[in-house]
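Everything below concerns the one structure shown next.
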Amino acid sequence: MDLSLSTRTEGDRTIVAVGGEIDVYTAPKLREQLIDLVSNGSYHIVVDLEGVEFLDSTGLGVLVGGLKRVRAHDGSLRLVCTQERILKIFRITGLTKVFPIHASVDEAVAASD
Amino acid sequence: MDLSLSTRTEGDRTIVAVGGEIDVYTAPKLREQLIDLVSNGSYHIVVDLEGVEFLDSTGLGVLVGGLKRVRAHDGSLRLVCTQERILKIFRITGLTKVFPIHASVDEAVAASD
Amino acid sequence: MPTVRLQISATPAHVRTARLVATAVARRSGVADSALDEIRLAVGEACSRAVSLHEEFAPHEMITVLLEDEGKFVVTVRDLGPVGTESRHTDPLEGFADLPGPDQFLATYSDRMPTGFGLAVIGSLVDDVEIRAAGDGPGTLVRMTWPIGTALT
Amino acid sequence: MPTVRLQISATPAHVRTARLVATAVARRSGVADSALDEIRLAVGEACSRAVSLHEEFAPHEMITVLLEDEGKFVVTVRDLGPVGTESRHTDPLEGFADLPGPDQFLATYSDRMPTGFGLAVIGSLVDDVEIRAAGDGPGTLVRMTWPIGTALT
Ligand SMILES: Nc1ncnc2c1ncn2[C@@H]1O[C@H](COP(=O)(O)OP(=O)(O)O)[C@@H](O)[C@H]1O
Ligand SMILES: Nc1ncnc2c1ncn2[C@@H]1O[C@H](COP(=O)(O)OP(=O)(O)O)[C@@H](O)[C@H]1O
């Protein structure tokens, strides 16, 4: 399944809802989206992974790249994910220590940095 | 998808509802079912193809085999099918002239031979 | 998204593998959705034919399905059976004209369609089909071509 | 349902073809449903690694994915890139211990994980993995094995 991206803002937070598969084929699309947001001054990003069916290390690389970019502007990148099969790759790679992972978009938006 | 078969009777008619894919992999299962029915004295068979997602020439071969068996007992084999993609293979192979094809199980059961 | 080469052992279950791959690659290559059912059926017929030949003549050899999508979507199914098992009269482009008619095969055959029936289905279904001896060894090539998008029809 | 041999041209879209085929064949071979997500991810990582190597070193060569299911379900991914592009220190069985930690790669890398990361994911995920130079030519073999059913665990 292909990647779907939809973006909205809540206050100074930008929420990117991702659907489908984030892999070596689709990751460039997500990377561009994150680069665009940061270029346009969105430094507090919430990536909602609840609609994601598959995520591999290429997708992780893009999320790490996004994190680096927002940090360069003292921003934040938070994830929303409750799906066990997606959480698993964050856990085995130790990236749960790098990304704040929330159970809902509301929780992620409310979190202070 | 695998083949599913469920059988019931209405009067002297036996209705076999088929689901899934009828192809070179699953056709033997359907063949056995039809052979069993005829061995057990069911000579008026309605094969309901409405749940079928795929049907190829191997599947047609089994239906033709069933027709031969019931005819040997002066029986009948009627099909129920309204799906264009399944009807197509009956049409291009000329088998619409061999099988009575009905729009519903009721219509097939009501049809006289 | 150029080429996929799939080789399957000669077993009915893998006809499904071939159908799945051909249909998925066709979809992603931009073949019209309306052609996907046709591809699924045609590739299934070509592979079922190849599996029956291999079961009889080359049970331990693999069947090859080549998918190409440069400009057009081309599926080539190659078996390693003896060539000419179908009568040359079963020209698939002639459809079913040369096959025994329903009355004949109802009288003659049991549970399977006459030899050449699968190729005749392919011939009736697909506009652009070529069938020929592989030449570089045993086996027959069934080559089927579909347009990609609409511009190339 | 013995063997499937899939060859894909070195392009990201076909990593999906490989995942699709491996998962479908695994399911039909009787691999436990609970292992299918693992197979999808591991095969995807192995093929993504192979695609990056080929893009750099062998863009016109195909990557091979062999699926076998006699007793166990075995997936072997073979690239034709130079061997040893990952440091031998990235022993996938060591998981991420030998890779730069998150702080380091946040400082060093951009948009892609360090070399060896994909193999480390595979090593952490799959119980039975073997990685070695193909030997009969260029390239590395990544061989991953899963039990079929439960009896064989
Ligand atoms: N129309 C067809 N129907 C069935 N098989 C065919 C057909 N055309 C070619 N073949 C296969 O290819 C073989 C040789 O084909 P071809 O090279 O066209 O024959 P020839 O060299 O005898 O004209 C046949 O024996 C058969 O296996
Ligand atoms: N743990 C590993 N991590 C990454 N690559 C490996 C690993 N093990 C083997 N390889 C690959 O196989 C090549 C040679 O492997 P092997 O035959 O085990 O090495 P050697 O003969 O040097 O002991 C390596 O250069 C590399 O491409």
Side-chain angles (χ1 to χ4, degrees), chain A residues 1-3 20-39 47 52-77 79 83-101, chain D residues 8 10-20 23 33-55 63 92 95-126:
Chain A
M1 210 195 123
D2 238 326
L3 193 73
E21 301 188 339
I22 314 181
D23 68 354
V24 63
Y25 183 62
T26 58
K29 203 171 150 190
L30 177 60
R31 175 164 51 231
E32 261 176 59
Q33 172 73 276
L34 295 177
I35 290 173
D36 280 359
L37 287 175
V38 175
S39 323
V47 179
V52 168
E53 284 156 17
F54 181 82
L55 173 71
D56 69 6
S57 62
T58 316
L60 292 180
V62 169
L63 294 173
V64 169
L67 182 59
K68 288 188 58 173
R69 288 196 182 83
V70 295
R71 283 206 181 157
H73 299 272
D74 291 323
S76 64
L77 191 145
L79 304 178
Q83 294 186 76
E84 194 41 50
R85 60 178 179 169
I86 305 295
L87 287 171
K88 186 167 185 181
I89 192 168
F90 287 98
R91 218 174 273 132
I92 63 177
T93 57
L95 288 171
T96 42
K97 291 176 211 113
V98 174
F99 292 104
I101 301 183
Chain D
I8 53 173
T11 177
H14 282 321
V15 173
R16 312 189 130 198
T17 306
R19 289 203 306 262
L20 179 74
T23 314
D33 275 359
S34 54
L36 297 179
D37 278 339
E38 187 176 304
I39 292 173
R40 183 179 293 115
L41 183 53
V43 171
E45 295 293 348
C47 291
S48 300
R49 171 186 174 281
V51 167
S52 336
L53 279 175
H54 275 235
E55 281 176 340
I63 294 155
F96 298 87
D98 290 330
L99 290 179
D103 294 337
Q104 271 172 280
F105 64 69
L106 266 171
T108 319
Y109 296 89
S110 189
D111 287 317
R112 56 185 291 174
M113 304 312 280
T115 303
F117 195 92
L119 289 182
V121 169
I122 293 172
S124 308
L125 208 58
V126 184

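All chains are named by letter (A, B, ...) in the order of the sequence lines, taking the proteins before the strands, and each is independently numbered beginning at 1. Just the heavy atoms: all of them, side chains too, but no hydrogens, waters or symmetry mates, feed the values below.
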Item to check | Proximity breakdown for A/L95 and chain D, heavy-atom pairs closer than 4.5 Å | outcome: side chain
Next on the checklist: Please identify, among A/D56, A/T93, A/V62, the residue contributing the most non-hydrogen atom pairs under 4.5 Å to chain D.
Outcome noted: A/T93
Item to check | Nearest atoms (heavy-atom pairs only) where D/F117 meets A/S57 | outcome: CD2-CB, 3.6 Å
Next on the checklist: With a 6.0 Å cut-off (strictly less than), is the heavy-atom count around CD of A/E32, excluding the residue itself, greater than 12?
Outcome noted: no
Item to check | Which residues share a salt bridge (Lys or Arg N to Asp or Glu O under 4.0 Å) with A/D23, sequence neighbours left out | outcome: D/R16, D/R19
Next on the checklist: Going by salt bridge (Lys or Arg N to Asp or Glu O under 4.0 Å), name the residues that satisfy it together with A/R71, two or more places apart in sequence or in a different chain.
Outcome noted: none
Item to check | Interface moiety of D/V15 toward chain A, non-hydrogen atoms closer than 4.5 Å | outcome: side chain
Checklist entry - Restricting to pairs with a member in residues 88-97 of chain A, which pass salt bridge (charged side-chain N to carboxylate O under 4.0 Å, His left out), not counting sequence neighbours? => result A/E84-A/R91
Item to check | Proximal to chain A - members of residues 39-47 of chain D, heavy-atom separation under 4.5 Å | outcome: D/R40, D/L41, D/E45
Item to check | Interface moiety of A/L55 toward chain D, non-hydrogen atoms closer than 4.5 Å | outcome: backbone
